[in-house]
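Here is the structure we will look at, set down as structure tokens.
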Amino acid sequence: MKMVVAVVRPEQLPAIKDALFAVEVRQFTVTTALGTAPRAEQRMYRGIEQQVALHQRIRLELAVDDAALDTVLGALREGAQAQGGHGKVFISELADVMTLWDGKRGSDSL
Amino acid sequence: MKMVVAVVRPEQLPAIKDALFAVEVRQFTVTTALGTAPRAEQRMYRGIEQQVALHQRIRLELAVDDAALDTVLGALREGAQAQGGHGKVFISELADVMTLWDGKRGSDSL
Amino acid sequence: MKMVVAVVRPEQLPAIKDALFAVEVRQFTVTTALGTAPRAEQRMYRGIEQQVALHQRIRLELAVDDAALDTVLGALREGAQAQGGHGKVFISELADVMTLWDGKRGSDSL
Amino acid sequence: MKRLATMLALLLATPAPAFAAEAAAASPKFNALDTLWVLLAAVLVFFMQAGFGMLEAGLIRAKNAANVLMKNVMDFSFAALGFFAFGYAIMFGGDGALVGDSGWFLIDAKSAADGVPVEVFWLFQAVFAGTAATIVSGSVAERFRFKSYMVVSFIVTAFLYPVVGHWVWGGGWLSAMNFHDFAGSTVVHAVGGSFALVAAWMVGPRLGYFRKDGSASPIPGHSLPLATLGVFILWVGWYGFNAGSTLSMSDPETVGRVAINTTLAPAGGAMSAMIIAWFRFGKPDLTIALNGVLGGLVGITAPCAVVSPVSSLVIGIVAGAVVVFGVDLLNRAKIDDPVGAIPVHGMCGVFGTLAVGIWGQKALGAPLDGLLMGGGASQLGVQALGTASCVGFALVSAFILLKAVEMTMGLRVEEATELRGLDVDEHGLEAYGGFQIFTNE
Amino acid sequence: MKRLATMLALLLATPAPAFAAEAAAASPKFNALDTLWVLLAAVLVFFMQAGFGMLEAGLIRAKNAANVLMKNVMDFSFAALGFFAFGYAIMFGGDGALVGDSGWFLIDAKSAADGVPVEVFWLFQAVFAGTAATIVSGSVAERFRFKSYMVVSFIVTAFLYPVVGHWVWGGGWLSAMNFHDFAGSTVVHAVGGSFALVAAWMVGPRLGYFRKDGSASPIPGHSLPLATLGVFILWVGWYGFNAGSTLSMSDPETVGRVAINTTLAPAGGAMSAMIIAWFRFGKPDLTIALNGVLGGLVGITAPCAVVSPVSSLVIGIVAGAVVVFGVDLLNRAKIDDPVGAIPVHGMCGVFGTLAVGIWGQKALGAPLDGLLMGGGASQLGVQALGTASCVGFALVSAFILLKAVEMTMGLRVEEATELRGLDVDEHGLEAYGGFQIFTNE
Amino acid sequence: MKRLATMLALLLATPAPAFAAEAAAASPKFNALDTLWVLLAAVLVFFMQAGFGMLEAGLIRAKNAANVLMKNVMDFSFAALGFFAFGYAIMFGGDGALVGDSGWFLIDAKSAADGVPVEVFWLFQAVFAGTAATIVSGSVAERFRFKSYMVVSFIVTAFLYPVVGHWVWGGGWLSAMNFHDFAGSTVVHAVGGSFALVAAWMVGPRLGYFRKDGSASPIPGHSLPLATLGVFILWVGWYGFNAGSTLSMSDPETVGRVAINTTLAPAGGAMSAMIIAWFRFGKPDLTIALNGVLGGLVGITAPCAVVSPVSSLVIGIVAGAVVVFGVDLLNRAKIDDPVGAIPVHGMCGVFGTLAVGIWGQKALGAPLDGLLMGGGASQLGVQALGTASCVGFALVSAFILLKAVEMTMGLRVEEATELRGLDVDEHGLEAYGGFQIFTNE
Ligand SMILES: Nc1ncnc2c1ncn2[C@@H]1O[C@H](COP(=O)(O)OP(=O)(O)O)[C@@H](O)[C@H]1O
Ligand SMILES: Nc1ncnc2c1ncn2[C@@H]1O[C@H](COP(=O)(O)OP(=O)(O)O)[C@@H](O)[C@H]1O
Ligand SMILES: Nc1ncnc2c1ncn2[C@@H]1O[C@H](COP(=O)(O)OP(=O)(O)O)[C@@H](O)[C@H]1O
């Protein structure tokens, strides 16, 4: 199993959600985050310079079966493309999963 | 060491916290999240249909010693049961831990 | 590649950001979190006792090359020291990274 | 449908001549300045609805904020209807000792304020009725079923509150006894607070408010800026509430005395509540200071016209203390009142009514000098009797009403609804929709 | 620079004698009470700017809240300037059938209210103009370019709104026809709503509001506490809006009737909107109830002085229904109006104007008895003609104006700006800066 | 305890005869309309407390919002007490050139407004004193110790502000010199701004506000909707502040002129501040526009009665510019003023006072024609002298007071407290408790 973490822009979320649903990936966890951008944005607030280094981002977390990894990555890419294609995905090994309801372990619980 | 990530409903947090404290697990990190539900909720907002696909969830992150894993999972289950037993736990290998104060590494720093 | 997760106090963020930028680490993801403290804080709210067990924390997530790990940990420590040295870092193996723009995989995408 | 339409048409037409006739005959008898004053005071009191809404929403959790706001919007709407159709007739429709009985739907209704048209006088009284009703929404917040609340609220403003109002202000038995409640410490606040007490007690505490060991466990308000705004708005509105109760500008000095007292008492309440809480709990708590302001305002509501400014300061200071100890007392009594409505309105309402008998001055318009003003305890006795009767009536009638509602519609939402928040389950929306991320699409 | 300075100095000096002369000659002719009344009513109406700001900000997403607030602050500022320089002259500068033409910059301008100085009368009218303008900001929220909005808003208040105002209140052709719009259901609301309609239609729906299949997909408001506060503030302000339109306290009873009607109609609107939505959509929706309040207020604005309280309750109830069906209708028409400005102001404005011809009573001051009052359909005809003309003028002039702005400056922000939010891209700030974490340093 | 009780009883009783006697003898001399006007104006000014609270809370970080709100609630409460006990006597107790000295606790105090009872006049003045005090809370927000702030605030309203007030309005040396400050550009705003300046300078900038290289680094406000609401409320209240300063409705035209000027100046201020900021910084900044509104309001406060509407527009425009440059200047001077209180109140207060000597017109009631009105520089000289004296007194007395407080109680919270936020450490609560997740239980 893999844990896939994608960090994208807020406006990308709807399309990504649709793309995931389209490939029957219906389980994930979303958090608001702030992320770095290629370059800091300059703003003026009350006449003084502000270097905005952190921007609104959305962090998606998906635990997926190894077999499903490519489908999920594909869906993420497709969804992300709809709004500029920004974002990155981080993939790590997932050792185990458990459903709190029945305590079942392993990939069946995904 | 393991990193245990549990995603549960907000109303489950108090009982889970108590259950963790009861087994002397006093260190964890909590974030608000949105999570998918078995089925989307239908709402009407100003007379139009809304498919609410993401619901308020709580994400707990616990770094634990391998030896403590089962205790922690047990506590999570027990706490979760108090309010419906919803939720899932994701377990992955944790390579290392460091305390920023003294730079100490390894499971002693947990 | 490693995924480094640091949980620190909000007031530590500016110095940590500067320290990371100083070693040319310019890519990371930040979320607000609540974390446990060594001991619960006692407050009185409207005359009744409140055990505040969870405190405002900041969670930084940095995906780094194995080679850069020590630099990053050093920068985190240095930045954290500027405001009390609180906080912990959790390090795990990162299997892969992908850029959503071009689908490129591997450590070049960091 | 057709019959309904015919009936409606009749109703629409009926009042026309009545009103027109009155207009033709009566115009000279109106005092333009007094009318303006009462109207503007009514607008200020109406503004208090916003104050209550913000205060209550701010002091509870975000997941129930839309519900409490909805209750505030709708209870005033129902109050307006109920007080128009029935309440005014019961309160001001004649001199019966117990209830009035004429002027239903304001037809041929008379104003009880000389020189002020009945429509304006009605408005001033209707916003008072709205206040009495809305006090309850705070004390039962985060758990009371919306539909049941609407029923309770309508019956309170259309039928229960007007009875007490008739006793004290409408020519009923208490007005005949020289019971003095200038602007409603008892009529509005102690009575509203009594409804709130019964409702909070019967609906039970919020899940999680009391620990297993019986001690209370705080559930902090989600937005103190909103709560503070609410209190400032209430203070603003209270100038209309108290000073407007002169119902006339013919005695500018009394108006002035009411106004200064309506400033010093809440100031005193804020100070004493803050300082006592600081000593007892270690820190100056904003929500306690806010409750102190309101306690001072409620406390001065009955005596505002008949005490000196220094007395009003003292009354405010005592009221601030009443609030702090009252909050404590409720926790010990295992009653959960999320916004402090019961100490503020109920307890300070009773105290304010008694204050007339303690600090009231005959020279300023009190029926008798008060206890500390050398007049002995007679007025205090009358005040005690009056407030006890009104509170007693409110407690008993609220109990009966709520029992009936409990048995038919239920008082409390399901546990799952309470956990998720009433906003989503009862209203299908969130107070801060998408503030975090968009949950749909 | 120097020339500019000289010109300015001249302008500053010019009005001085004019004003001074008027002061010397005219003082005795002013009525202090009426002046006070109109002034305070104007202040209440001004407060509605805050109400609109909070309502609109609360009903949209956080990322566009600062933008809509900025529009609210600035459109009133420009309205004040435009109505001072040009608007007042067009609206009240003489009896031309179509436009007035004297009193530019208020120089030698006259008050249209006996006994009230022109400055106070101007203020009362200026805040009305501000209201008409600000209605648009809600319907085009989250996508309309700030700079273009400012231009549109200025032209509306300086030139377009005053034309309609002149027709109805300034001695133009409609006032000559006995068209009755007491406080502006048509002049302010239907006209403002028409501008809003054209603007919302031309700028197009927000990205994501309509799904590919054409059905609407909700974008929930980010703060219902703010929205509710806004509605309460608007209700407070409406007492000034309607009752202040008497422009005098010489007839306290009419003032009183307006006040009671301004209470019962919104109460009825809230109730019917809530109940209809409850039946149709399954739950009592707070935002619909809020719109119902406003619908009731808009509906009673024209007839407030000439209908009985029971009629006003009925008018409010119907207006509440109009709002619910109007919201639906717009979605079907593929027009995106984030705050419901078009149903509330446009549709209920038209309905309220017609209501004069249905429920109006001659005995209460209507030109003729209305349809349901036994007066036949004549007044209804006049009302229909009047509101149709004004709405027609508004629609056409708004179309021309917006077309011109579209071709020169563009109406809509870039897609990327809309996605990120107008606050960051157009104003360089966030409405809730650092509320999550500090994004800078 | 017992002795305290006896003393209190005496104090309560004393004023009774005094007030009663006055009531008996004086009633005919009161003017009901003027009393109503001053009272309602005072209520409007009181509402400004809510405005300041929301503005200040909105422009700072969430972690210090409850602290600043607590300061706003409590400083008015202490102001009411201090101005009742001492302030009024110093300000209006007789014709001494430097201070008044009778009417402590309002006993035997006299109203300085003909026809208005002393209680109402006191209230009008007390809310002004509250305004002067509360200006400081903004400029020292996010770092000033709560307890020390309370002491400073009490002394300011009870003793320092009244001295300046006496000089200008209470019969002191400046009133004798024909110094003209109609509603308090100097007395309230420049003086309050001076206190704010000294306090902000002495307490030092917030951690992190100045970078190591000395440049400022923004700390964005956490809720611009609250800040905008605050400004609208302030604008509403200002109609009471300025127009109410007529203290009478006997001259409706002056009231009207004040009202129109109180509209055009802030409109001008908003426009010029926005446009200048747009040109200089690239985007129209909402917070700057809000400060522009306030700058315009402060600027017109002194001259509101004696300048033409066009002049008021110009004054507002200049004031808007003053705000933008003032914000800049403070940053260069390394003074951290989180909400812009010093440019808005201090600088525009001085400018507004001078404006009387520039645009004032004798025909409208100014002592002399102003510089641009052909009257030469004499009045400007008097205005400069007056504002310089008052500001000088404020700066020096504030310095002494704050030095004393610094040495005894300390001005600034611990660094750890500042980093965590003053809400948690000083008050034991959070402004948005549990808004994210519940932190307890
Ligand atoms: N090495 C990294 N470690 C952690 N987070 C990262 C890393 N690189 C990128 N991110 C996150 O992914 C987000 C998207 O990355 P990217 O697509 O490069 O930026 P953008 O969305 O600005 O085009 C960043 O804002 C950041 O939050
Ligand atoms: N495969 C997955 N990947 C990531 N997150 C998941 C996955 N499955 C479940 N979750 C998260 O766990 C939460 C709880 O899951 P579950 O218990 O199935 O839902 P519920 O709480 O609605 O009964 C979900 O809301 C979702 O946020
Ligand atoms: N074992 C753990 N698992 C998950 N999170 C942890 C663990 N230990 C510490 N943390 C997180 O790291 C944060 C900082 O830890 P620490 O430095 O010990 O606390 P503090 O900042 O209070 O001094 C904690 O608040 C908690 O959120």
Side-chain angles (χ1 to χ4, degrees), chain A residues 1-8 10 12-35 56-66 68-69 72 75 79 90-110, chain B residues 1-10 12-13 15-16 19-20 29-40 50-64 66 69-70 72-95:
Chain A
M1 291 171 290
K2 296 278 184 297
M3 178 58 93
V4 177
V5 173
V7 185
V8 299
Q12 295 177 293
L13 181 58
I16 289 179
K17 207 167 59 175
D18 288 350
L20 289 169
F21 280 20
V23 297
E24 293 298 323
V25 175
R26 300 194 163 276
Q27 299 264 58
F28 45 90
T29 305
V30 177
T31 42
T32 24
L34 294 175
Q56 282 274 346
R57 293 289 179 265
I58 295 289
R59 182 180 180 279
L60 286 108
E61 221 170 350
L62 304 105
V64 296
D65 232 336
D66 290 341
L69 181 62
V72 166
F90 307 95
I91 302 150
S92 47
E93 207 52 52
L94 189 62
D96 205 351
V97 175
M98 181 176 87
T99 311
L100 282 169
W101 174 246
D102 51 13
K104 275 223 199 96
R105 306 279 281 262
S107 70
D108 291 353
S109 304
L110 280 180
Chain B
M1 290 171 290
K2 297 279 184 297
M3 178 57 94
V4 176
V5 173
V7 185
V8 299
R9 304 194 171 187
Q12 295 178 291
L13 181 58
I16 289 180
L20 289 169
T29 304
V30 177
T31 42
T32 22
L34 294 174
T36 46
R39 70 179 61 82
Q50 184 181 12
Q51 302 283 351
V52 181
L54 294 173
H55 301 265
Q56 282 274 347
R57 292 289 179 266
I58 295 291
R59 184 181 180 278
L60 286 107
E61 222 170 347
L62 305 104
V64 296
D66 290 342
L69 182 62
D70 285 339
V72 166
L73 292 181
L76 286 173
R77 280 204 64 194
E78 194 203 308
Q81 298 299 353
Q83 287 292 347
H86 305 278
K88 271 192 200 167
V89 182
F90 306 95
I91 302 150
S92 46
E93 207 52 51
L94 189 62

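Chain letters run A, B, ... following the sequence lines, proteins first, then strands; residues in each count from 1. Since the structure is predicted, the reported quantities are computational estimates derived from the model, not experimental observations.
Of the possible polar contacts, none joining the A:Asp65 side chain to the A:Met1 backbone as a donor-acceptor pair under 3.5 Å is found.
The parts of A:Gln27 that come within reach of chain B are both its backbone and its side chain, each placing non-hydrogen atoms under 4.5 angstrom from that chain. Looking at A:Met98, the atoms closer than 4.5 Å to chain B (heavy atoms on both sides) sit in the backbone and in the side chain alike. When heavy atoms are compared at a cutoff of 4.5 Å, B:Val4 does not approach chain A at all.
Contacts of B:Arg77 classified as side chain to side chain donor-acceptor pair (under 3.5 Å), with partners at least two apart in sequence or in another chain: none. Judged as a side chain to side chain donor-acceptor pair (under 3.5 Å), and not counting sequence neighbours, the contacts of A:Thr99 are A:Ser109. With sequence neighbours excluded, no residue forms a side-chain contact (heavy atoms from CB on, under 4.5 Å) with A:Asp108.
Applying a 4.5 Å heavy-atom cutoff, the residues of residues 81-88 of chain B that approach chain A are B:Gln81, B:Gly84, B:Gly85, B:His86, B:Gly87, B:Lys88.
To the nearest 0.5 angstrom, B:Leu94 atom CG is 11.5 Å from B:Leu62 atom CG. Going from atom CG of B:Leu54 over to atom NZ of A:Lys17 covers 4.5 Å, rounded to the nearest 0.5 Å.
A heavy-atom distance below 4.5 Å is not found between the side chains of A:Arg26 and B:Thr36.
Summarising the geometry of B:Gln12 relative to B:Ala80, their closest heavy-atom pair is NE2-O, 3.3 Å, with the distance given to 0.1 Å.
Listed options A:Glu93, A:Met3, A:Glu61 were ranked by heavy-atom pairs under 4.5 angstrom with chain B; first place goes to A:Glu61.
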